[in-house]
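Chain letters run A, B, ... following the sequence lines, proteins first, then strands; residues in each count from 1.
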Amino acid sequence: MIEAKNVTKIFDSRKKGRIVAVNDVSFEVREGEIFGLLGPNGAGKTTSLRMISTLMKPTKGTIRVNGFDVVKEPKKVRKGLGFLTSDMKLYESLTPRELLIFFGRLNHLSDDVIEQRTEEISEYLDMKEFLDKKVGKLSTGMRQKAAISISLIHDPNVIVFDEPTNGLDVITAHTVTELLKDFKERNKSILISTHVMSVAEKVCDRIGILLKGKLKAVGTLDELREQFEMTDLEDIFFTLAREDDEIHV
Amino acid sequence: MMKSMFKDSMIIMWKEFKILFRDRRTLFMMTVFPLAFLPILFGSIGYFARISEKANTPSAIIVAVKNPGAAPSFMKILRSMPNVFFSNSVEPVKDLRDKKIHLYVEFDKDFEGKIMEDGAPSIKVFYNGAWEQSQNALKIFEHIIDSYKAQILDIRLAKRAISRDYLKVLIPIFVDRSTPQERGGSVAAMLVPYFIVIYLFSAALSVGLGTTTSEKEKGTIGILLVNQVDRSAIVFGKIVYIMVVALIYVIFTFIGMYIALKNPSSSMIMGGKAALGKIGFLALAQLFIILLPLESMIVSIIVAIGTFSKTVREATGYLTPLNILVVIVGIASMMANFNVSWWTYSIPFVNTIFAMKDVFLNQVKFTNFILVILTNSIITVLFVLLTARMFNNEKILFRV
């Protein structure tokens with residue numbers, strides 16, 4: 001599971017000055033749950049996810065993944081975490097099978113285990129047909145599956161996906177959302193970020209609305225509806241955005 | 001801990017080589033190109049130099065002469081030359097500039113008279129310095145003048161009953177005690193270090209940026225960092241990979257250079273196969289020991305800059321001045337044929353070039369040798385530590 005407590009991330013930029021990307025954010029992602037961070041571009045979603053996956057360190061606050069602190073025990077955190085983001089690219093000249101071997105070895109799995117996991121994952125993600133084709137020759141959907149397979153090679157129980165359906169066609173996006181649901185059935189903790197309301201509505205058990213680095217509301221869809229007395233997530237989001245002067249209508 | 005780090009580095013290296021072997025263009029540039037480049041370059045230079053020499057040596061010399069009647073004995077010699085032809089040019093100076101004649105000769109009006117009176121008449125020879133055929137014709141004409149002078153001198157000495165031997169006051173004998181191999185060694189000492197340093201730098205540059213900045217630019221670095229691998233292991237794996245690739249490049253370049261210098265076509269420009277000198281096993285081992293720290297240093301600098309830079313373009317911008325500096329140092333030390341102070345061996349790049357020269361000239365000094373290795377190794381360690389720090393610094397890895 002993931003626990004984020006009072007997390008703040010500040011960037012000091014020469015050009016832009018001091019930027020508070022994430023401001024005192026707290027939330028948790030439980031086992032067997034899909035938690036969605038919903039927010040527009042620049043809200044701090046990717047920064048939050050990068051801190052959870054140990055790519056960045058929080059300026060203030062603590063994040064624990066499976067009970068391990070992301071700053072003090074990053075390797076232990078990464079052992080149980082699968083991270084995927086749309087801005088991460090794969091090596092074009094390698095095949096998905098070679099990538100699985102490479103990342104399996106980097107995660108200190110034995111070759112036997114890698115072989116077994118490759119079989120399981122390729123079956124599960126329906127990748128057998130393109131397992132030995134170079135990534136450079138694969139379609140977007142196939143690439144996304146290959147990227148997902150890599151993040152799952154070490155069988156993590158925490159999965160963090162940044163904009164998992166971003167740039168995908170309808171069919172591949174559907175496959176990915178189905179996968180997320182299946183991970184949940186397998187009792188994994190799943191954290192996704194998205195700016196697409198329908199994805200949040202359809203997939204997430206709980207949603208956190210992030211605006212200008214601040215978590216404005218957290219709850220299940222029903223809880224949010226009750227709290228804001230609105231039925232539509234989009235209306236809730238825009239109400240919060242207006243309050244925060246995020247948008248002008 | 002160390003064992004795990006080493007294993008992780010090897011995994012990183014395995015990935016890099018796997019990608020390299022799929023990249024035919026880089027493979028070609030790493031093996032075939034250095035193997036063929038120097039033989040083709042030297043061979044072409046030699047071939048064109050021969051053709052040019054042949055083309056610029058006139059088979060017939062066309063000469064215009066003013067006052068030929070004033071120098072009948074000289075003209076007799078000239079007329080006896082089968083490859084000398086005379087022109088009746090009205091404007092000899094213009095014709096010389098227009099490359100219609102090779103030479104224009106003007107005799108003193110009283111040329112023969114002055115010769116008979118033991119005087120020194122003048123002979124003015126006009127030539128075209130911008131035309132190689134005219135210059136070569138001049139050389140031939142100088143020989144004719146020399147043989148004429150010798151004839152006249154013999155006559156004058158005979159008149160005074162003086163033997164030619166009387167003019168010999170000294171018989172200097174100059175003896176070169178060096179072997180052809182040693183003479184070749186000095187050519188190699190001038191040539192090889194420069195090529196090796198330049199080639200090492202350019203090979204490490206392209207591969208180094210491909211595996212550091214390019215990973216950031218393409219967005220593949222992130223996926224590496226979210227695994228259990230230690231970041232120092234990533235740095236180490238990449239450095240070793242680039243070193244191996246650059247070393248392969250240098251070995252192929254060295255083989256290419258050997259082939260090039262063995263080729264008779266290159267003998268006229270580089271001293272032929274003797275140019276590599278007598279490079280024995282000891283010299284090769286010494287070269288290798290010197291080259292490794294140099295290579296590590298170059299690679300560690302490139303990896304550090306590559307890691308710091310956002311784009312390949314930015315990295316190239318940082319490395320271009322360094323590249324130019326290396327070329328300047330290379331050329332300067334190629335020309336430098338003097339002994340240098342011990343502290344010169346502590347200046348990066350310069351030290352290795354002089355150390356390599358010492359190897360080729362068989363004058364290696366142990367202390368200098370150690371100083372070179374130490375200096376380059378210390379710089380390597382500093383840059384590796386810097387890169388490892390950068391790999392742990394999100395501001396650098398994710399700076400936009």
Minimum heavy-atom distance between B/D230 and A/K75, given as atom pair plus value: OD2-NZ, 3.9 Å
A/F35 CZ: over 12 foreign heavy atoms closer than 6.0 Å: yes
Contacts with chain B made by residues 62-70 of chain A (heavy-atom distance under 4.5 Å), listed by residue number: none
A/I153, part contacting chain B, at a heavy-atom distance under 4.5 Å: neither
Beyond-backbone contact of B/K15 with A/L94, side-chain heavy atoms, under 4.5 angstrom: yes
Atom pair OG/CG of A/S53 and B/L225 - distance to nearest 0.5 Å: 9.5 Å
Spatial distance of atom CD1 (B/I223) from atom CG (A/L84) [nearest 0.5 Å]: 7.0 Å
B/L224 side chain reached by A/Y91 side chain, heavy atoms, under 4.5 Å: yes
Over 12 non-hydrogen atoms of neighbours within 6.0 angstrom of NZ in A/K60: no
Interatomic spacing from CD in B/Q228 to CG in A/L109 - rounded to 0.5 Å: 7.5 Å
Residue among A/F102, A/F11, A/F103 with most heavy-atom pairs under 4.5 Å to chain B: A/F102
Test item: B/R22 and A/K134 side chains (from C-beta on) under 4.5 Å apart, heavy atoms: yes
Portion of A/K57 that has a non-hydrogen atom of chain B nearer than 4.5 angstrom: both
Engaged part of B/I221 at the chain A interface, taking heavy atoms whose separation is under 4.5 Å: neither
Residue, of A/T54, A/L99, A/D12, A/L55, that accumulates the most heavy atom pairs under 4.5 Å with chain B: A/L55
Nearest non-hydrogen partners of A/S93 and B/I19, listed with the distance: OG-CG2, 3.5 Å
Distance in Å, A/I150 CD1 paired with B/N227 CG, rounded so as to fall on 0.5 Å steps: 9.0 Å
Min side-chain heavy-atom separation A/R78-B/V229 under 4.5 Å: no
Distance in Å, B/K218 NZ paired with A/K89 NZ, rounded so as to fall on 0.5 Å steps: 12.5 Å
From CZ (A/R105) to CE (B/M10), nearest 0.5 Å: 13.0 Å
Contact class of A/E92 relative to chain B, heavy atoms under 4.5 angstrom: neither
